[in-house]
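A note on names: the letters A, B, ... follow the listed sequences, proteins ahead of strands, and every chain is numbered from 1. As a basis for the values below, the full set of heavy atoms in this structure was taken, side chains included, without hydrogen atoms, waters or symmetry mates.
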2 protein chains.
Amino acid sequence: MATGRTHRPATRSRGIPEATVARLPLYLRALTALSERSVPTVSSEELAAAAGVNSAKLRKDFSYLGSYGTRGVGYDVEYLVYQISRELGLTQDWPVVIVGIGNLGAALAGYGGFASRGFRVAALIDADPAMAGKPVAGIPVQHTDDLEKIIKDNGVSIGVIATPAGVAQQVCDRLVAAGVTSILNFAPTVLSVPDGVDVRKVDLSIELQILAFHEQRKAGEETAAGDGALPAATARGVAAGDSADQGPDGDVPAVMPA
Amino acid sequence: MATGRTHRPATRSRGIPEATVARLPLYLRALTALSERSVPTVSSEELAAAAGVNSAKLRKDFSYLGSYGTRGVGYDVEYLVYQISRELGLTQDWPVVIVGIGNLGAALAGYGGFASRGFRVAALIDADPAMAGKPVAGIPVQHTDDLEKIIKDNGVSIGVIATPAGVAQQVCDRLVAAGVTSILNFAPTVLSVPDGVDVRKVDLSIELQILAFHEQRKAGEETAAGDGALPAATARGVAAGDSADQGPDGDVPAVMPA
DNA sequence: ATGTGTGAATACATTCACAGCA
DNA sequence: TGCTGTGAATGTATTCACACAT
């Protein structure tokens with residue numbers, strides 16, 4: 001959108017593929033590093049290497065944002081940082097609340113990547129009265145009773161759930177009722193949310209299980225009982241790939257504090 | 001690099017799509033819950049609802065594993081639990097080491113989902129000499145100096161990196177050199193690994209940025225300057241969707257302890 | 001020369017819709 | 001009759017390869 005570029009919608013139209021959106025943060029991180037080293041421009045090849053993707057994909061991804069590069073030269077680092085930040089909505093800063101201050105919640109609260117990337121921990125919330133008032137990562141923990149007020153007073157629209165699985169849905173319901181429309185769920189449960197609310201999950205156990213699956217292959221077919229064993233086949237540097245889905249309701253799983 | 005691969009042996013029997021593999025843990029979790037409630041059978045419809053996917057997808061996923069259902073009836077819960085566990089390689093248990101025992105590492109160490117799901121924390125490793133010997137979640141922390149020995153003595157092939165970004169690559173290199181072939185990376189860096197080593201990332205900041213992107217849209221087109229704004233359109237329960245990729249090397253980012 | 005931007009080709013994933021088995 | 005299993009249809013993502021701007 002930026003300037004008045006009204007040609008083919010292909011450029012800045014509202015149709016950025018999810019897969020591309022998921023990679024923008026990666027590019028942004030690599031670009032930020034370059035920016036800090038005062039590198040003025042990068043080629044798609046270089047940037048792709050730094051982000052761990054291949055250059056064709058990167059160029060295609062950028063093409064959805066617009067034509068921000070210069071043929072024969074590459075991309076202007078600062079300009080791209082700005083464009084991607086804007087596209088991701090990071091030019092404003094998002095107040096976030098973290099609910100469930102166990103080890104995980106504390107780790108999240110202390111995560112340095114927040115402030116620097118458009119997010120601000122507006123509040124830490126926990127159900128344990130003993131924690132109320134105690135500062136974690138410099139921020140005082142507040143009691144769950146005040147959840148609704150905290151959300152409203154701070155205009156919070158993004159919530160992080162780091163509670164035990166048993167109370168996650170209930171916390172989720174309260175967050176949503178109070179106005180939160182995006183949730184990052186670390187509890188190992190499928191959350192049900194109304195339409196219009198986004199849920200993303202982070203789940204240690206799932207990630208490990210996926211690794212185990214590939215690990216098992218690499219280990220050879222020793223286990224092969226009556227299977228039409230397939231030797232190598234997969235030894236590729238799989239190195240990741242997620243996928244989640246969703247019907248009308250919530251989403252999935254995750255790590256969990258003590 | 002495990003065994004030889006090179007071409008595209010892409011057989012068929014052993015060809016479970018990545019997207020399906022990524023969902024098996026979800027199904028497994030839902031099935032385990034049913035199993036605990038002594039539910040004997042489930043239909044694809046019911047199980048799909050519990051796992052947060054749609055039934056056609058679930059049936060297609062299961063079709064890659066074999067024909068484990070009964071037409072007109074559904075799936076036998078116990079049997080499916082076993083088949084999926086086996087497919088994921090969870091019938092054996094995987095010793096795992098966690099490197100970097102900050103808040104995050106401690107949270108992971110205390111995660112209950114380990115033991116119950118085929119994983120065992122074989123060791124906790126940290127570079128801080130002051131931590132050595134101190135138990136975290138009941139497991140004594142060991143010093144980084146002994147990393148290689150620990151990996152070898154325990155036959156560890158899966159490592160979790162929860163260190164600050166600055167040392168992640170270095171830790172990764174040592175893990176790989178010592179024999180680890182699967183890595184779950186929580187540090188916000190792209191790790192380079194040789195072929196045959198799988199890397200998966202978990203990155204709080206990236207997840208939040210993806211949420212922010214969608215959140216921005218929902219917020220309306222207030223920012224809309226000369227854009228052919230697209231009003232509602234997105235209010236759907238987007239609710240997730242990942243995607244990562246990879247070239248020849250490693251992968252990406254993540255949370256980070258204090 | 002060099003490296004972007006992008007149509008066209010290919011690969012992968014989801015959804016449909018229904019035949020066929022219990 | 002009810003629900004699985006799966007080909008065919010559709011949708012999405014990645015990769016190729018090259019015209020073209022600088």
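A/Tyr75 is linked by a ring pair (Phe, Tyr, Trp, His ring centres under 6.0 Å) to A/Phe62, counting only residues two or more places apart in sequence or in another chain. Residues satisfying the side chain to side chain donor-acceptor pair (under 3.5 Å) test with B/Thr20, not counting sequence neighbours, are B/Asp61. Listed by chain and residue number, nothing satisfies the salt bridge (Lys or Arg N to Asp or Glu O under 4.0 Å) test with B/Asp76 (two or more places apart in sequence, or in another chain). For A/Tyr82, the ring pair (Phe, Tyr, Trp, His ring centres under 6.0 Å) test picks out no residue, with sequence neighbours left out. In this structure B/Asp93 satisfies the salt bridge (Lys or Arg N to Asp or Glu O under 4.0 Å) test together with B/Arg120, sequence neighbours excluded.
Minimum atom distance to the side chain of A/Ser43 is reached by C/dG3, of the listed C/dT6, D/dT4, C/dG3.
The phosphate of C/dG3 has neither OP1 nor OP2 within less than 4.0 Å of any side-chain N or O from A/Ser44. In this model, the phosphate group of D/dT15 is approached by a side-chain N or O of A/Lys57 to a distance below 4.0 Å at OP1 or OP2. Contact between the side-chain N/O atoms of A/Tyr64 and the OP1/OP2 oxygens of D/dT12 is not found at any separation under 4.0 Å. When the side-chain nitrogen and oxygen atoms of A/Asn54 are compared with OP1 and OP2 of D/dT15, one or more of them lie within a distance under 4.0 Å.
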Report all interatomic pairs (protein N or O, nucleotide N or O of nucleotides 20-22 of chain C) with separations under 3.5 Å.
{"unit_1": "C/dG20", "atom_1": "N3", "unit_2": "B/Arg71", "atom_2": "NH1", "d": "3.4"}

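Rounding to whole angstrom units, CG of residue A/Leu47 and C1' of C/dT4 are separated by 13 Å. Residue B/Arg59 contributes atom CZ, which lies 13 Å from atom P of C/dA17 at whole-angstrom precision. Across the protein-nucleic acid pair, B/Asp61 atom CG and D/dT4 atom C1' stand 14 Å apart, rounded to whole Å. Remark: C1' of D/dA13 and CD of A/Glu18 are 12 Å apart, rounded to the nearest angstrom. The interatomic distance linking A/Glu45 (CD) with C/dG3 (P) rounds to 9 Å, in whole Å. In this structure, NZ of A/Lys60 is placed 11 Å from C1' of C/dA9, rounded to the nearest angstrom. Here the P atom of nucleotide C/dA13 and the CD1 atom of B/Ile16 are 12 Å apart, to the nearest Å. Taking atom CG of residue B/Leu58 and atom C1' of nucleotide C/dT14, one finds them 13 Å apart after rounding to whole Å.
Side-chain contact, A/Thr91 with A/Arg86: no donor N or O sits under 3.5 Å from an acceptor N or O.
Of the inter-residue distances, the one linking A/Cys172 atom SG with A/Ile183 atom CD1 reads 3.5 Å to the nearest 0.5 angstrom.
Residue A/Phe62 is classed as having no contact, given no heavy-atom separation below 4.0 Å to the nucleic acid.
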